[in-house]
Amino acid sequence: MIITLSWLKDHLITNANLAKIIDKLTGIGLEVETIKESQGELSDFKIVKVLRAEKHPNADKLKLCEVTLGNSKTFKVVCGAANAREGLVTVYAPPGAVIPKTKMKLRVAKIRGVESHGMLCSESELNISEESDGIIELKNRAKDIGKNYFKLKGEKSIDLSITPNRPDCLGVRGIARDLASAGLGKLSNLKKIKIKQNFPQPMKISITNEKNQGCMSFGACFIRNIKNKESPEWLKEKIVSLGLKPISAVVDITNYVMLDLNRPLHAYDADKIDREIIVRN
């Protein structure tokens, strides 16, 4: 189970620093396996502007792009994306950067006889989404040229080894509750939000009666009129900080609730369910 100090303090009111928290975690039996810098390798990825995009002299499907970090220095990058064009603001990985998806370390390389100093990145290559058709297009971000693409907080993440008898600590709030019980702070109150649902649940749900029953109850909420799209930045940052990859708003919300409150959730597309949901071992 991976947690960050800032996420822990969403649930735990405490002035304790990282060292004190780690010491207390060890004292209450929640073994700290490793401590690592969150997003340490992602500081290499910069926002750039494409000044020129010309056809590669030796390849029909490649382009030679000249990009800038906002200063007088420019870089030549060979790119195969169809949407690479003059004026585009996108994400640049310089030589030495490690691509999150492939773990490949970039170097200056000749591509069809032309030197390429790094690469322009797609969302798939940065483990942001599955989108790989083109490089990232950053709209209304011209003022950010030269800045880090990823928001780096210099925060450390704590990797805990949770034993089978402590499933209550497979969520950030459970760990905060344990620390509060050990005297390290006060557990914050959860804000209760009442949702009025004025229509009947249209989906039939049944639980199969079996020997060694695994599930005794199944709760569901039917939600209408939503559009599944990319998650907001704050949610993507939360998901990435704990080592997961943002997928879409609906999937990210279920993962967020699972990690935050230790409440595993699953989202079903109601249009693709023929008759009912059957819960069985």
Side-chain angles (χ1 to χ4, degrees), residues 1-4 6-12 101 122-124 126-133 136-137 139 151 160 162 164-178 180 187-281:
M1 176 69 196
I2 299 174
I3 64 170
T4 61
S6 61
W7 197 334
L8 180 67
K9 288 188 175 182
D10 287 345
H11 295 283
L12 183 69
K101 184 173 184 176
S122 68
E123 289 191 354
S124 174
L126 299 186
N127 275 341
I128 296 171
S129 75
E130 301 297 333
E131 182 60 51
S132 59
D133 287 342
I136 295 172
E137 296 196 20
K139 297 178 180 178
K151 292 181 180 178
L160 297 172
I162 306 298
N165 64 317
R166 295 303 310 271
D168 56 302
C169 288
L170 289 174
V172 177
R173 186 165 180 83
I175 295 167
R177 184 187 298 113
D178 221 24
L187 189 67
S188 61
N189 293 322
L190 285 178
K191 184 180 179 182
K192 293 182 180 180
I193 301 173
K194 290 186 178 181
I195 300 174
K196 293 182 179 179
Q197 187 163 310
N198 299 319
F199 59 91
Q201 153 71 291
M203 197 67 60
K204 184 181 177 183
I205 299 173
S206 62
I207 302 177
T208 304
N209 187 14
E210 296 176 295
K211 185 180 179 181
N212 300 321
Q213 188 84 4
C215 177
M216 306 305 294
S217 63
F218 186 95
C221 178
F222 190 86
I223 305 173
R224 300 188 299 193
N225 303 322
I226 68 168
K227 183 178 180 182
N228 193 15
K229 55 183 182 180
E230 184 179 345
S231 295
E233 287 300 319
W234 73 265
L235 180 53
K236 288 195 289 186
E237 286 177 14
K238 288 279 193 184
I239 297 297
V240 169
S241 73
L242 267 59
L244 296 181
K245 181 171 73 172
I247 302 297
S248 65
V250 170
V251 176
D252 295 346
I253 288 166
T254 60
N255 283 332
Y256 172 73
V257 172
M258 177 181 69
L259 296 166
D260 190 53
L261 300 177
N262 194 9
R263 284 297 185 95
L265 297 180
H266 186 74
Y268 302 85
D269 187 342
D271 292 335
K272 295 179 181 178
I273 298 174
D274 293 334
R275 291 178 294 173
E276 62 176 314
I277 295 174
I278 302 172
V279 185
R280 61 184 186 271
N281 285 351

**Request:** Calculate, to the nearest 0.5 Å, the distance between atoms CD1 and CG belonging to I223 and N225 respectively.
**Result:** 11.0 Å
**Prompt:** Do D178 and C169 come close enough that some side-chain heavy atom pair is under 4.5 Å?
**Reply:** yes
**Complete:** Residues at least two apart in sequence or cross-chain that pass side-chain contact (heavy atoms from CB on, under 4.5 Å) with S206, listed by chain then number, are E276, I278
**Asked** Once you round to the nearest 0.5 Å, how far does CD1 of I2 lie from CG of L160?
**Response** 9.0 Å
**Request:** Rounded to the nearest 0.5 Å, what's the gap from NE2 on H266 to CG on N255? Could you check?
**Result:** 11.0 Å
**Prompt:** Would you find a donor on one side and an acceptor on the other, under 3.5 Å apart, between the side chain of E130 and the backbone of S132?
**Reply:** no
**Asked** Are any non-hydrogen side-chain atoms of K101 and S124 less than 4.5 angstrom apart?
**Response** yes
**Prompt:** For E137, does the CD atom have more than 12 heavy-atom neighbours from other residues, nucleotides or ligands under 6.0 Å away?
**Reply:** yes
**Asked** Quick one: does M258's side chain get under 4.5 Å of L265's, heavy atoms only?
**Response** no
**Item:** Considering all heavy atoms, the nearest I239-Y256 contact
**Value:** CD1-N, 4.0 Å
**Complete:** Only one of I247, I253, V250 passes side-chain contact (heavy atoms from CB on, under 4.5 Å) with N228, and that residue is V250
**Asked** Has the side chain of Q213 got a donor or acceptor atom that lies under 3.5 Å from a matching backbone atom of N281?
**Response** no
**Message:** So R224 and F199, do their side chains get closer than 4.5 Å, heavy atoms only?
**Reply:** yes
**Message:** When you measure from the side chain of D252 to the backbone of P246, do you find a donor-acceptor pair of N or O atoms at a distance under 3.5 Å?
**Reply:** no
**Asked** About how many Å separate CG of N209 and CZ of R280, when rounded to the nearest 0.5 Å?
**Response** 14.5 Å
**Asked** Does E230 reach the side chain of E123, with side-chain heavy atoms less than 4.5 Å apart?
**Response** yes
**Prompt:** Is any NZ, NE, NH1 or NH2 atom of the basic residue among D168 and R177 found under 4.0 Å from an Asp or Glu carboxylate oxygen of the other?
**Reply:** no
**Prompt:** So, the side chain of D260 versus the backbone of V172: is there a donor-acceptor pair under 3.5 Å, distance only?
**Reply:** no
**Request:** State whether the side chain of N262 and the backbone N or O of R173 hold a donor-acceptor pair below 3.5 Å, judged by distance alone.
**Result:** no
**K204 side, atom NZ; I277 side, atom CD1 - distance, nearest 0.5 Å** = 12.5 Å
**Item:** Partner set under side-chain contact (heavy atoms from CB on, under 4.5 Å) for D10, not counting sequence neighbours
**Value:** W7, K238
**Complete:** Taken to the nearest 0.5 Å, the spacing of I3 CD1 from L8 CG works out to 5.0 Å
